[in-house]
Amino acid sequence: MPRKVENTSLCFLPAGSLDHIVVLGAGRLAVAVARFGEEAGIRVSVYGGPRQRDARDPDGPAIEDTLAVHGTRVSYVPSLRDCEGGPHQISPENALVLSLGSPFIISRDLIDRFEGRVINSHGAPLPEWRGGGGFSWRILAGDRRGNTCFHLVTQGIDDGAVVFERRYEFPDDLRSPQQWMDFAFARDREC
């Protein structure tokens with residue numbers, strides 16, 4: 001039976017009946033969602049691309065191992081469509097798809113299947129920083145604006161309606177992309 005989510009520790013999850021969260025991307029935010037799912041009694045499924053297989057928390061355990069601690073298994077697949085039991089095959093009722101560092105192109109049929117309940121995390125100011133490239137391009141451009149942003153996925157690139165946004169500045173003493181990622185992750189977890 002779906003649980004009513006009244007108040008979440010993750011700002012981008014909607015209130016309402018929710019019994020399954022599908023995460024696209026095997027990184028630190030997937031771990032935060034798995035932890036939330038464990039606490040709220042919501043099933044979490046994580047799908048990562050082959051390049052994410054060796055993802056780790058900085059100076060910590062493998063993401064796969066941390067997910068397992070929270071009762072979540074990660075499937076590493078080259079394509080979502082061909083993945084047995086994957087998002088194209090699960091029941092979309094009372095489910096939500098979160099793209100959190102997803103290595104996959106999200107197809108129109110997946111968006112339609114989940115009736116628009118596909119949300120992407122984007123860590124840069126929109127619309128000027130649409131697409132990939134993330135922190136490296138902004139460091140090179142001298143743009144220290146950060147953004148915790150979640151928007152609906154459409155067929156366009158990072159052009160769906162924003163459902164949550166909080167802007168901030170990266171401190172001047174942060175120099176490397178890893179430092180920026182760590183700072184952004186901490187800001188994302190605050191909401």
Side-chain angles (χ1 to χ4, degrees), residues 8-14 18 20-38 42-58 60-83 85-90 92 95-107 110-111 113-114 116-124 126 129-136 146-158 160 162-164 177-178 180-189 191:
T8 72
S9 60
L10 298 170
C11 60
F12 52 85
L13 293 178
L18 185 63
H20 194 169
I21 301 170
V22 176
V23 177
L24 307 179
R28 290 191 283 178
L29 283 176
V31 171
V33 173
R35 187 175 297 125
F36 166 79
E38 180 182 39
I42 297 171
R43 179 178 173 208
V44 176
S45 301
V46 177
Y47 298 90
R51 68 178 167 88
Q52 295 178 316
R53 185 174 296 277
D54 297 322
R56 305 183 79 73
D57 270 329
I63 295 295
E64 183 174 11
D65 294 340
T66 306
L67 286 168
V69 167
H70 298 290
T72 300
R73 194 177 129 262
V74 60
S75 298
Y76 298 103
V77 297
S79 166
L80 291 175
R81 182 168 307 284
D82 303 328
C83 174
H88 286 277
Q89 298 170 3
I90 67 167
L96 173 73
V97 176
L98 296 176
S99 172
L100 307 175
S102 173
F104 307 107
I105 299 296
I106 299 171
S107 64
L110 188 65
I111 296 167
R113 179 174 178 75
F114 283 85
R117 292 183 317 277
V118 181
I119 298 173
N120 181 54
S121 168
H122 191 79
L126 292 173
W129 287 102
R130 286 185 180 152
F135 301 116
S136 296
N147 196 28
T148 298
C149 178
F150 297 92
H151 65 86
L152 297 178
V153 173
T154 65
Q155 282 302 140
I157 297 174
D158 296 326
V162 171
V163 296
F164 177 86
Q178 185 63 55
W180 280 47
M181 284 187 276
D182 293 343
F183 186 83
F185 178 74
R187 294 303 300 254
D188 290 348
R189 288 287 294 138
C191 61

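Residue numbers count from 1 along this sequence.
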Minimal non-hydrogen separation, [X] against [Y], with atom names:
{"X": "Asn147", "Y": "Ala124", "result": "ND2-O, 3.2 Å"}
{"X": "Pro87", "Y": "Phe114", "result": "O-CE1, 3.4 Å"}
{"X": "Val118", "Y": "Ile111", "result": "CG2-CA, 4.1 Å"}
{"X": "Gly25", "Y": "Ala30", "result": "O-CB, 3.5 Å"}
{"X": "Val74", "Y": "Ala26", "result": "CG2-CB, 3.9 Å"}
{"X": "Gly160", "Y": "Thr154", "result": "CA-CG2, 3.7 Å"}

How long is the gap from [atom1] on [X] to [atom2] on [Y], to the nearest 0.5 Å?
{"X": "Leu29", "Y": "Phe185", "atom1": "CG", "atom2": "CZ", "answer": "5.5 Å"}
{"X": "Glu64", "Y": "Arg53", "atom1": "CD", "atom2": "CZ", "answer": "7.0 Å"}
{"X": "Leu152", "Y": "Ser99", "atom1": "CG", "atom2": "OG", "answer": "12.0 Å"}

Just wondering, do [Y] and [X] contact through their side chains at under 4.5 Å, heavy atoms?
{"X": "Val31", "Y": "Ile63", "value": "yes"}
{"X": "Tyr47", "Y": "Ser75", "value": "yes"}
{"X": "Leu98", "Y": "Val22", "value": "no"}

Under the side-chain hydrogen bond (donor to acceptor under 3.5 Å, both in side chains) test, residues paired with [X] that sit two or more places apart:
{"X": "Trp129", "value": "Asp143"}
{"X": "Arg51", "value": "none"}
{"X": "Glu38", "value": "His70"}
{"X": "His151", "value": "Asn120, Asp158"}

Val77 vs Phe104, side chain to side chain contact (heavy atoms under 4.5 Å, CB included): CA-CA, chis, key distance, verdict:
CA-CA 10 Å; Val77 297; Phe104 307 107; 3.8 Å; yes
Can a donor-acceptor pair be found, under 3.5 Å and without considering hydrogens, that links the side chain of Arg113 to the backbone of Ile90?
yes
Applying side-chain contact (heavy atoms from CB on, under 4.5 Å) to Arg81 and not counting sequence neighbours gives Ser79, His88, Ser107, Asp109
Could you list the residues that satisfy side-chain contact (heavy atoms from CB on, under 4.5 Å) with Thr72, not counting sequence neighbours?
Ala34, Val44, Val46, Leu67
Qualifying residue for side chain to side chain contact (heavy atoms under 4.5 Å, CB included) with Leu100, from Asp188, Val33, Leu24:
Val33
Within the supplied structure, the quantity of interest is the number of heavy atoms (other residues, nucleotides, ligands) at a distance under 6.0 Å from Arg73 CZ; does it exceed 12?
no
Measure up the Phe135 and Trp180 rings against each other and bin them: parallel (under 30°), tilted (30 to 60°), perpendicular (over 60°).
perpendicular
